[in-house]
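Everything numeric in this text was worked out from a predicted model, so none of it was measured.
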Amino acid sequence: MSASSASSRKTLSKIACNRLQKELVEWQVNPPAGFKHKVTDNLQRWVIEVNGAPGTLYADETYNLQVDFPEHYPMEAPQVIFVPPAPLHPHIYSNGHICLDILYDSWSPAMTVSSICISILSMLSSSTVKQRPEDNDRYVKNCRNGRSPKETRWWFHDDKV
C-alpha cells in the first residue's frame, strides 16, 4: 500500500476489530502450517512469513505477505500482497500483487486470514514453473504511484496453477 493510501486508510470498525482479535487468538493457538505471524502492535496490518511447502518448487524458500485490513473487514476483503521480492509464479507479479480470485471477486466474509494463507500456499505448491505472469512488465508499470491490486480488474482464466 502506498504511503498516501496508508495515511488515508480509515480506522477499523468495531466489528472488524473484534473479528481480527478473534482470528489472532485462533492463529496463536492453531497457526496454519508453513506460516508465522510477525507480531506488531498494528491490528490493521499483518505481516506473515510464508515458508514454501516441502517437495514443491518453493521448498526451503521464505517470503513475506502483507495483509492490510479495510475498515469493514470481513465484509470487504483485505488487501494481500507479497512484500518484494515476491516469489516467481505465473500469478504473482514482481511488485507483489497476487492474481487470486478469493482476494477479489470470490471473497466471502466466512474466509479468514488462515484460509487466505492456505489458498496462497496451495497456489504456490501446485505451480510447475517458476516464472512471472506474461504481462508482468506492463502491469507493474501501470501500478506505479501506489495503485492497489484491489483497483485492478482481474481476469481469472487459469485455474491450472
Side-chain angles (χ1 to χ4, degrees), residues 1-3 5-6 19-70 73-74 77-108 110-144 146-150 152 154-161:
M1 180 174 279
S2 70
S5 57
R19 168 68 179 265
L20 284 170
Q21 288 169 342
K22 181 180 174 185
E23 285 192 45
L24 193 53
V25 167
E26 174 62 27
W27 185 293
Q28 291 165 341
V29 172
N30 186 26
F35 295 91
K36 180 182 174 188
H37 176 252
K38 294 185 170 188
V39 179
T40 69
D41 60 356
N42 185 351
L43 189 61
Q44 201 162 358
R45 173 175 284 171
W46 291 15
V47 176
I48 298 170
E49 185 177 282
V50 182
N51 295 302
T56 70
L57 293 175
Y58 303 93
D60 301 319
E61 294 182 14
T62 302
Y63 301 97
N64 286 305
L65 284 173
Q66 178 177 297
V67 184
D68 288 299
F69 298 96
Y73 179 80
Q79 174 178 286
V80 182
I81 62 169
F82 277 98
V83 177
L88 279 172
H89 186 280
H91 296 305
I92 302 171
Y93 291 84
S94 59
N95 63 358
H97 293 192
I98 305 165
C99 181
L100 181 62
D101 62 347
I102 65 162
L103 300 177
Y104 312 102
D105 299 348
S106 296
W107 172 255
S108 162
M111 292 179 185
T112 63
V113 178
S114 291
S115 66
I116 293 168
C117 288
I118 291 165
S119 293
I120 290 172
L121 188 60
S122 175
M123 182 182 80
L124 285 172
S125 298
S126 65
S127 183
T128 58
V129 295
K130 279 186 159 184
Q131 66 184 34
R132 291 281 176 229
E134 288 181 19
D135 63 339
N136 182 74
D137 293 342
R138 181 177 48 83
Y139 176 79
V140 171
K141 183 179 177 186
N142 288 333
C143 286
R144 289 201 178 123
R147 185 169 131 193
S148 165
K150 292 175 84 176
T152 300
W154 296 100
W155 181 37
F156 304 110
H157 61 285
D158 178 10
D159 60 358
K160 292 183 224 129
V161 185

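Side-chain contact between P87 and L124 is present, with at least one heavy-atom pair separated by less than 4.5 Å. Counting heavy atoms from C-beta on, the side chains of V83 and L65 never come closer than 4.5 Å. Side-chain contact check for P133 versus C99: every heavy-atom pair is 4.5 Å or farther apart. In this structure, V39 and W46 have side chains that are not in contact, with every pair of non-hydrogen atoms separated by 4.5 Å or more. Counting heavy atoms from C-beta on, the side chains of V129 and P90 come closer than 4.5 Å. Within the 4.5 Å cutoff, side-chain heavy atoms of M111 are placed close to those of I102. Considering only heavy atoms from C-beta on, I98 comes within 4.5 Å of M123 through its side chain. Taking the side chain as every heavy atom from C-beta outward, V67 and R45 never approach each other to under 4.5 Å.
Counting only distance, with no hydrogens or angles, the side chain of S125 and the backbone of L121 share a donor-acceptor pair below 3.5 Å. Proximity of a side-chain donor or acceptor of E23 to a complementary backbone N or O of V113 within less than 3.5 Å is detected. Here the side chain of Y73 pairs no donor or acceptor atom with the backbone of R19 at under 3.5 angstrom.
Minimum interatomic distance between F82 and I92 (heavy atoms only, all atoms of both residues): CE1-CD1, 3.5 Å. Residues S119 and L100 share a closest heavy-atom pair of CB-CD2, 4.2 Å. In plain terms, the two heavy atoms of G96 and A86 that are nearest each other are CA-CB, 3.9 Å.
The side-chain contact (heavy atoms from CB on, under 4.5 Å) check on D137 picks up nothing, with sequence neighbours excluded. Among residues two or more places apart in sequence or in another chain, the side-chain hydrogen bond (donor to acceptor under 3.5 Å, both in side chains) test is passed with T56 by none. Under the side-chain hydrogen bond (donor to acceptor under 3.5 Å, both in side chains) criterion, T62 pairs with N51, not counting sequence neighbours.
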Original post:
T112 and S115: side chain to side chain contact (heavy atoms under 4.5 Å, CB included), yes or no, with the steps?
Top reply: CA-CA 5 Å; T112 63; S115 66; 3.5 Å; yes
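Among residues at least two apart or in separate chains, side chain to side chain donor-acceptor pair (under 3.5 Å) pairs with a member in residues 26-41 are K38-N64. Judged as a salt bridge (Lys or Arg N to Asp or Glu O under 4.0 Å), the pairs with a partner in residues 123-136 (not counting sequence neighbours) are, in order, E61-K130, D135-R138.
Separating the CG atom in L103 from the CD1 atom in I120 is a distance of 5.5 Å, to the nearest 0.5 Å.
Ring planes of Y58 and Y63: perpendicular class, angle over 60° (limits at 30 and 60°).
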